[in-house]
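Note sheet for the following structure.
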Amino acid sequence: MPPLTSSVDALLMNVYTNTLLKCERFEVSHFHDRSVHLFTNKTWRSNNVPAFRGTSHLNRRGYRSTKISSQVMEQMQSNVFVKEYSEDLPVTSSYESAMEALSSLITRKKRGERSSVGGKYGKLERMSIYLKILGLEEKIGGLKIIHVAGTKGKGSTCTFCEAILRECGFRTGLFTSPHLIDVRERFRINGLDITEDRFLLYFWNCWNQLEEMVTEDLPMPPLFQFLTLLALKIFVCEQIKEPIVCGITSLGMDHVEALGNTLGQIASHKAGIFKPHIPAFVVAQLSEAMDVIQEVARGLAVPLEVVAPLDCEKMDGLKLSLSGDHQFINAGLAVSLSKCWLQRTGNWEKLFGKQDNLESNLPGAFRRGLSTAHLSGRAQIVYDTSLKSCNSSKVSESSCGDLIFYLDGAHSPESMEVCGRWFSSAVKGKQKASSCFTVENMVQVWGNGHLQYGTEKRDKSYKISKQILLFNCMEVRDPQVLLPKLVSTCASSGTHFSKALFVPSMSTYDRVTSAASVIPADNFSRDLSWQFSLQRHWEKMIHGKDTEVDTVIDTEPKMDAAKFLPYEFLYEDASHCSPVENHFACSAVIPSLPLAIDWLRDCVKRNPSVRIQVLVTGSLHLVGDVLKLLKR
């Protein structure tokens, strides 16, 4: 089975020698944050894979599932997959049942709430029991781990590592969190999402084994813990043993409800991944964080090296595939981690001989990996061509470029600043596409971290450009910090938002959906109090602290205006803003994301000379929802 990498909030990353690379979150007794691991293992070789017959049944939770014997699962080879399902169990039905089952494992309705799992065991003790139930404890021999922690850049660093090691000839598997559109995105094999059939095979095997052992003292695992176990099952991995190299990315103030409200406290948690005498690499940090990291390293006799950002000259003309200057920091860490992993597993000399100095240039496999790694929802550009006539192979020159979405799941002050710099650079045409391939009725263009719909080069001056912010964030975030950071960063580069649109996400914290899940109908009775709160902060920021803004937005929901935003709003001057008269020219609340997309498309249809550049940020959930709508 292949290796796996992680993205977004901190996860585990495994690499198998000739088998699997995976990444996901796992906790050990002396560290309590989300982290990323890259580790390797040998593939199980079995010449005789027993025949498999799936049997469907309704378990006591009411979910239709497929029974698969542990013997079959244990003897399955990484490149062997038995596709036989019982005739009365359509795969799509089973997949939706799997989504319902996963949703039942969510133990809190929204971010910030305490998780109430129940039972008499603690988290780590439960995890150990679950591993025994799934028969994973005996499968841990030979694990070789790269363990990465941090606030920002964990996913990018692991993505770079995965791509580098894949280019070095290792078959890879990638586990990321969260997913943007479909839960199968979390499990990638050699760069591709795990197939629906294979996902279901492993899912129901884990589900059935765990559910059969449920007691009052041992409930089913909560969602993320179950997905971690599923990833371990999929990639034939077990609980992490001693890693052979560790890394810490840039630290910042995020997840403070779990990690602490000072940078030093957060650094202490992140440094919990260090193991005695195991090499570790860290990027430059503020002194408050670096002092803690170095102290922990000294206490464990950890050889600690501070890694410099990657010098772009070492790429020999190639460009990093992930956008933003900050990615050179992550790439530098990925290079050091990958080199150390290859050296400590005995593979460096096999691949590159006696070459040891990376100061002058990088091996070709490293350069190729750094130039091809991809992470959705981060510095991603999508050209919307839904209003244009196009076939499956090309898009005509006049059919694209009117409505462009710039997607970045930034949700912390530090990432907002990075997002603002990237967006300002992107809208000024500093980033270009490099290659394309066809997917269904859309042409996706990969280049410098962008997924774009459309291939032609565009004249940057023939359109009237309007920059619009499409924003939402979780209620545990502080918009009074996030929004000013974004706006000031953009303004410092000469980029200003014409309008700001505040919308609720389609996805909800208490439900797992798939790419095929039904998009909910517009709900005009939905509670928009948080979106109006975001609008209030925006208007105060634009016009200065004005108590009238508080009064108007709090007392006047303006739902009718939200439902029917006029086309003329796009061109209305900010000087026409009159809070006292319930009229805002700088921002609007729209009750659903589909309505917001429709309004933007309508503006483009009405005026073909306008180019609308929409920055979608504040939440990866919002980014994923926009991608889901655009792909449909």
Side-chain angles (χ1 to χ4, degrees), residues 9-12 24-35 37 57-63 65 67-68 70 73-74 97-140 143 147 149 175 177-178 183 186 202-235 237-242 255-260 265 268-270 272-273 275 476 509-512:
D9 269 350
L11 304 128
L12 259 185
E24 58 167 32
R25 168 184 175 181
F26 193 85
E27 298 191 2
V28 294
S29 59
H30 54 287
F31 98 88
H32 310 284
D33 68 312
R34 298 183 175 190
S35 58
H37 303 251
H57 72 287
L58 287 175
N59 60 32
R60 52 193 161 94
R61 289 177 181 261
Y63 304 117
S65 61
K67 284 289 261 187
I68 306 162
S70 298
M73 292 295 297
E74 291 174 0
S97 296
M99 297 305 99
E100 294 177 19
L102 282 175
S103 297
S104 73
L105 301 179
I106 298 175
T107 56
R108 50 185 180 178
K109 296 299 182 184
K110 60 182 180 180
R111 173 75 184 277
E113 288 184 351
R114 281 192 168 276
S115 176
S116 55
V117 178
K120 72 176 185 180
Y121 303 106
K123 183 186 296 183
L124 296 177
E125 197 172 3
R126 280 201 318 272
M127 190 62 155
S128 179
I129 296 172
Y130 294 142
L131 288 169
K132 290 179 181 177
I133 292 172
L134 295 176
L136 294 175
E137 275 198 333
E138 303 303 319
K139 312 295 189 302
I140 60 177
L143 287 181
H147 192 171
F175 173 51
S177 177
V183 71
R186 297 177 183 239
Y202 287 107
F203 174 85
W204 288 119
N205 176 262
C206 288
W207 180 275
N208 292 330
Q209 288 187 73
L210 291 170
E211 197 191 42
E212 287 172 1
M213 301 301 292
V214 164
T215 65
E216 186 175 333
D217 293 332
L218 184 70
M220 286 289 283
L223 178 64
F224 196 87
Q225 201 168 35
F226 180 88
L227 292 175
T228 300
L229 291 163
L230 178 57
L232 290 168
K233 190 73 172 183
I234 288 174
F235 298 110
C237 291
E238 210 280 337
Q239 182 175 356
I240 299 167
K241 297 191 95 178
E242 291 302 304
H255 301 289
V256 295
E257 70 278 5
L259 302 179
Q265 290 174 329
S268 178
H269 277 279
K270 303 298 182 180
I273 69 171
K275 307 299 184 297
V476 295
Y509 199 80
D510 60 349
R511 181 165 178 78
V512 179

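Nothing here was measured: the structure is a model prediction, and the numbers come from that model. Atoms considered below: every heavy atom in the structure, side chains included; atoms not considered: hydrogens, waters and symmetry mates.
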Checklist line | Leu232 vs Leu134, side chain to side chain contact (heavy atoms under 4.5 Å, CB included): CA-CA, chis, key distance, verdict | finding: CA-CA 10 Å; Leu232 290 168; Leu134 295 176; over 6 Å; no
Next item on the list: Look only at the side chain of Lys270 and the backbone of Ser268, and say whether a donor-acceptor pair between them is shorter than 3.5 Å.
Entry: no
Margin query: Which heavy atom of Ala101 sits nearest to which heavy atom of Trp204, and what is that distance?
Written below: CB-CH2, 4.3 Å
Next item on the list: Identify, with sequence neighbours excluded, every residue that meets ring pair (Phe, Tyr, Trp, His ring centres under 6.0 Å) alongside Phe203.
Entry: Phe199, Trp207, Phe226
Notebook entry, point to check: Which pair of non-hydrogen atoms, one from Pro219 and one from Gly119, has the smallest distance, and what is that distance?
Noted result: CD-CA, 4.0 Å
Note to self: Could you check whether Asn208 and Glu212, counting side-chain N and O atoms only, form a donor-acceptor pair closer than 3.5 Å?
What the structure shows: no
Item checked: Value rounded to 0.5 Å, distance of OG1 in Thr228 from CE in Met127 -> 5.0 Å
Margin query: Would you say that Cys206 contacts Leu229 through its side chain, given a criterion of any heavy-atom pair below 4.5 Å between the two side chains?
Written below: no
Checklist line | Minimal non-hydrogen separation, Met220 against Leu105, with atom names | finding: CB-CD2, 3.8 Å
Margin query: With rounding to the nearest 0.5 angstrom, report the CD to CG distance, Gln225 to Leu124.
Written below: 8.5 Å
Checklist line | Polar side-chain atom of Ser128 near backbone of Glu125 as donor-acceptor pair, under 3.5 Å | finding: no
Note to self: Holding to side chain to side chain contact (heavy atoms under 4.5 Å, CB included), I want the full list of residues that pass it with Leu218, two or more places apart in sequence or in another chain.
What the structure shows: Tyr121, Arg126, Ile129, Tyr130, Ile133, Thr215
Next item on the list: State, to 0.1 Å, how close Asn205 and Lys233 come at their nearest heavy-atom pair, and which atoms those are.
Entry: OD1-CE, 3.2 Å
Next item on the list: Taking the side chain as every heavy atom from C-beta outward, state whether Leu210 and Val214 have any pair of such atoms under 4.5 Å apart.
Entry: no
Notebook entry, point to check: Can you tell which of Leu227, Leu230, Ile234 makes a side-chain contact (heavy atoms from CB on, under 4.5 Å) with Arg186?
Noted result: Leu227
